[in-house]
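To start, the structure under review is shown below, and the notes come after it.
The structure presented is a predicted model; accordingly, all values stated were derived computationally and were not measured.
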Amino acid sequence: MGLAVGFLSGFFGAGGGMLGVPILRSLGLSTKESHATCIAAVAPLAAVSAYLYAKSGSFSPADALIYLPGGVLGALAGGLILPKLSA
């Protein structure tokens, strides 16, 4: 599972949670545990992917700045709302 999630994160820049959550659910974790575990695993993978993309010159970090405020707000909202939702 780690290899597949890491590959998706590296290949697409993120997205490993699309695979990780269902796999963790099939292994018996609750929905909330699966989401939280994937966020904890995918966040550092996305950071490494972003670094490698930036290092290779595939994108300009300045180009990403327009998306960061919305991404941070969405992450905060999701992190605050998820614990309050029923499974």
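Residues satisfying the side chain to side chain contact (heavy atoms under 4.5 Å, CB included) test with A54, not counting sequence neighbours, are F59, P61.
Enclosure of atom CG in L3 is not indicated, since only 12 or fewer non-hydrogen atoms of other residues, nucleotides or ligands lie within 6.0 angstrom. Within 6.0 Å of CG on L68 lie more than 12 heavy atoms contributed by other residues, nucleotides or ligands.
The two residues A40 and P44 come nearest to each other via the heavy atoms O-CD, 3.1 Å. The heavy-atom pair separating G20 from C38 by the smallest distance is C-SG, 3.3 Å.
Side-chain contacts under 4.5 Å among hydrophobic residues (ILVMFWY), followed directly or transitively, place V21 with no other residue at all. Taking Ile, Leu, Val, Met, Phe, Trp and Tyr as hydrophobic and joining them when side-chain heavy atoms fall under 4.5 Å apart, one finds L73 isolated, its cluster having no other members.
With contacts defined as side-chain heavy-atom distances shorter than 4.5 Å, the pair L24/E33 does not qualify.
A donor-acceptor distance shorter than 3.5 angstrom exists from the side chain of K32 to the backbone of L85, with no hydrogens or angles considered.
I39 and I23 sit in two unconnected hydrophobic clusters of ILVMFWY residues. Membership requires side-chain heavy atoms under 4.5 Å apart, directly or through other members.
Residue Y51 holds its OH atom at 10.5 Å from OG of S56, rounded to the nearest 0.5 Å.
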